[in-house]
Amino acid sequence: MSRYAHPVDADDIDEHDLALLHALQIAPRVSWAAAARVLGSNPATLAARWDRLRERGLAWVTAHPGGSYRHVTLALVEVDCLPGARRSVVEAVCRDPRAVTVEESTRGRDLLLTVITRDLAALTAFVLDDLEALPGVERQRTYVATAIHRHGTHWRLDALDPAQVDALEAEQARSTPANRTTPPAQAWPLIEGLAVDGRRTAAELARATGRNTATVRRQLARLIGSDLLSFRCELAAEVSGWSVSSTWTAHVEPADQERTIAALATLPELRMCLSMTGDANIAMTVWTRSLHDMLRIERLFGERLPWMRLRDNAVNLRTPKRMGWMLDERGRATGEVVVPTALAAR
């Protein structure tokens, strides 16, 4: 049962809501005062709009292991379940903080997991020891990411004009330290608090952790500048209008990697793109408005990237968990968060 008990139809989302969400995609922790200047609104109105969207599970800001992804190991894991066991396996992997995203899929696999661990040894323990021993799991196939070129933090709505985008990008740049900082000791309570609400202020985190506000303010600045976390404004798919998620794999020769990534980055529908081990050495997640759009994407790949050989594509039927956040059958946040633990011991 969702603790966000007040239903709202996605049709109630207006252009002002979409503009606010686009702004938070660019600058997830922007102050309401700064956002109001860019959006031509006032801070109280924006805060109220955000509270309404968040309380209904339509949008949320989280922090998760990421940054440049140099400090963690990321893998895509395909899982086949024994007949009748899918539901119990989904429940089990959703409770595991290492499986940060869980998708139920078509074509040749039951589940697609995005797994983030501290290092390769921890990934090995997850896939070879814990996952294979899980009742109901028939087999798994693991693809380790060697480079993450694009992820959900980069995906954008198209609700702001270029001047507004530039202003918010400048605001985000001002709030990001120019030089990388060393993360503070005992940062885990702050990470936990930010995973549940990525917009928490130092004062709010201080109250939640029982620490001094001035101390938390210094620690928060160091944590944000440490390249350990990515902040992301997430949306329920029905809000964005891009309601069909599909994952594609392809093969490109090493000499073609750079131009392939550059070409894919121009695709507005591209949600995620990574290089990985194996013959299918590129994986992409694409959000489209309809199933029919997948044919257009496939033609586009053939026209713009004739050297890329598609290996597979599969529709993600349901996403019960996205970057630690539990979602209901409509893709709305339930309010429950399983905080990823890849950085817990750092």
Side-chain angles (χ1 to χ4, degrees), residues 4 6-64 66 150-176 194 196-201 204 224 229-245 265-272 285-290 293 319 322-323 325 327-328 330-333 335:
Y4 296 152
H6 306 290
V8 64
D9 195 295
D11 290 339
D12 293 336
I13 304 300
D14 61 24
E15 292 301 319
H16 298 292
D17 293 321
L18 294 176
L20 171 59
L21 294 172
H22 190 174
L24 291 176
Q25 287 181 320
I26 298 170
R29 290 180 53 81
V30 67
S31 71
W32 294 132
R37 288 194 296 271
V38 176
L39 300 179
S41 183
N42 66 73
T45 297
L46 295 183
R49 283 185 178 276
W50 174 245
D51 287 343
R52 178 175 63 88
L53 293 166
R54 189 176 187 276
E55 288 171 2
R56 288 156 176 80
L58 296 173
W60 57 98
V61 170
T62 187
H64 58 83
R150 189 180 181 95
H151 47 83
T153 305
H154 300 130
W155 188 85
R156 300 285 185 262
L157 291 167
D158 185 20
L160 299 177
D161 63 42
Q164 291 173 313
V165 170
D166 289 345
L168 285 158
E169 288 179 346
E171 193 69 37
Q172 175 69 2
R174 280 193 291 271
S175 66
T176 303
L194 291 168
V196 174
D197 182 358
R199 287 188 54 80
R200 276 182 167 172
T201 64
E204 291 168 336
I224 291 174
L229 298 179
S230 290
F231 288 87
R232 182 186 301 189
C233 178
E234 291 278 18
L235 316 177
E238 62 189 297
V239 175
S240 70
W242 303 79
S243 57
V244 179
S245 171
T266 66
L267 190 67
E269 295 89 348
L270 185 69
R271 171 83 175 180
M272 178 274 291
T285 296
V286 174
W287 280 12
T288 55
R289 297 188 183 277
S290 68
D293 274 349
T319 304
R322 188 193 301 162
M323 279 299 171
W325 281 66
L327 309 183
D328 65 17
R330 300 181 65 181
R332 300 183 181 197

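Keep in mind that this is a model prediction, so the values were computed, not measured. Numbering of residues begins at 1 and proceeds along the displayed sequence. Only this structure's heavy atoms are used, side chains among them; waters, hydrogens and symmetry mates stay out.
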Check your understanding: Given side chains that start at C-beta, do those of Arg289 and Trp242 come closer than 4.5 Å, heavy atoms only?
Key -> yes
**Study point:** By side-chain hydrogen bond (donor to acceptor under 3.5 Å, both in side chains) - contacts of Asp197 (at least two apart)
**Key:** none
**Study point:** Spacing of Arg199 atom CZ and Arg54 atom CZ [to the nearest 0.5 Å]
**Key:** 10.5 Å
Check your understanding: Between CE of Met323 and CH2 of Trp60, what distance do you get to the nearest 0.5 Å?
Key -> 12.5 Å
Practice item. Indicate the atoms forming the closest heavy-atom contact of Gly57 with Ala236, along with that distance. Key: O-CB, 4.2 Å
Check your understanding: What residues form a side-chain hydrogen bond (donor to acceptor under 3.5 Å, both in side chains) with His151, not counting sequence neighbours?
Key -> Thr153
**Study point:** Non-neighbouring partners of Gln172 that pass side-chain hydrogen bond (donor to acceptor under 3.5 Å, both in side chains), sequence neighbours left out
**Key:** none
Check your understanding: Can you name the nearest heavy-atom pair linking Glu204 to Thr201, along with the distance?
Key -> OE1-N, 2.9 Å
Point to revise | Heavy-atom side-chain proximity of Glu238 to Ile13 below 4.5 angstrom | key: no
Check your understanding: Counting heavy atoms not belonging to His154, are there more than 12 under 6.0 Å from its NE2?
Key -> yes
**Study point:** side chain to side chain contact (heavy atoms under 4.5 Å, CB included) involving Ala34 - partner list, sequence neighbours excluded
**Key:** Val30, Ser31, Arg37, Glu171
Check your understanding: Does Arg271 come within less than 4.0 Å of Glu234, counting only side-chain N to carboxylate O?
Key -> yes
Review point. Side chains of Phe231 and Leu194: does their closest heavy-atom pair fall under 4.5 Å?
Key: yes
Point to revise | Approximate separation, where rounding is to 0.5 Å, of Leu24 CG and Leu235 CG | key: 9.5 Å
Study note, to complete from the structure: In this structure, CG of Leu20 is separated from CG of Leu53 (nearest 0.5 Å) by 6.5 Å
Review point. What are the two closest non-hydrogen atoms of Arg150 and Leu270, and how far apart are they?
Key: NE-O, 3.0 Å
Exercise for review: Over all heavy atoms of both residues, which pair between Val196 and Trp325 is shortest? Give the atoms and the distance, please.
Suggested key: O-CZ2, 3.1 Å
Practice item. Could you walk me through whether His22 and Ile26 pass side chain to side chain contact (heavy atoms under 4.5 Å, CB included), step by step? Key: CA-CA 7 Å; His22 190 174; Ile26 298 170; 3.8 Å; yes
Point to revise | Point-to-point distance, once rounded to the nearest 0.5 Å, from CG of Asp51 to CG of Leu46 | key: 11.0 Å
Practice item. Indicate yes or no: at least one non-hydrogen side-chain atom of Leu21 is less than 4.5 angstrom from one of Trp50. Key: yes
**Study point:** Exercise: identify the closest heavy-atom pair between Arg29 and Arg200
**Key:** NH1-O, 2.8 Å
**Study point:** Ser243 to Ala237 - nearest heavy-atom pair and separation
**Key:** CA-CB, 4.1 Å
Point to revise | More than 12 heavy atoms of other groups within 6.0 Å of Asp161 CG | key: yes
Review point. Say you draw a straight line from OG of Ser240 to CG of Leu58; how long is it, rounded to the nearest 0.5 Å?
Key: 11.0 Å
Exercise for review: Determine yes or no for a side-chain-to-main-chain donor-acceptor pair under 3.5 angstrom, with Arg156 supplying the side chain and Gln25 the backbone.
Suggested key: yes
Point to revise | All side-chain hydrogen bond (donor to acceptor under 3.5 Å, both in side chains) counterparts of Asn42, not counting sequence neighbours | key: Thr45
Exercise for review: Report the residues that fulfil side chain to side chain contact (heavy atoms under 4.5 Å, CB included) with Ala167, sequence neighbours left out, ordered by chain and then residue number.
Suggested key: Val38
Check your understanding: Can you check side chain to side chain contact (heavy atoms under 4.5 Å, CB included) on Asp293 and Val244, steps first, answer last?
Key -> CA-CA 9 Å; Asp293 274 349; Val244 179; over 6 Å; no
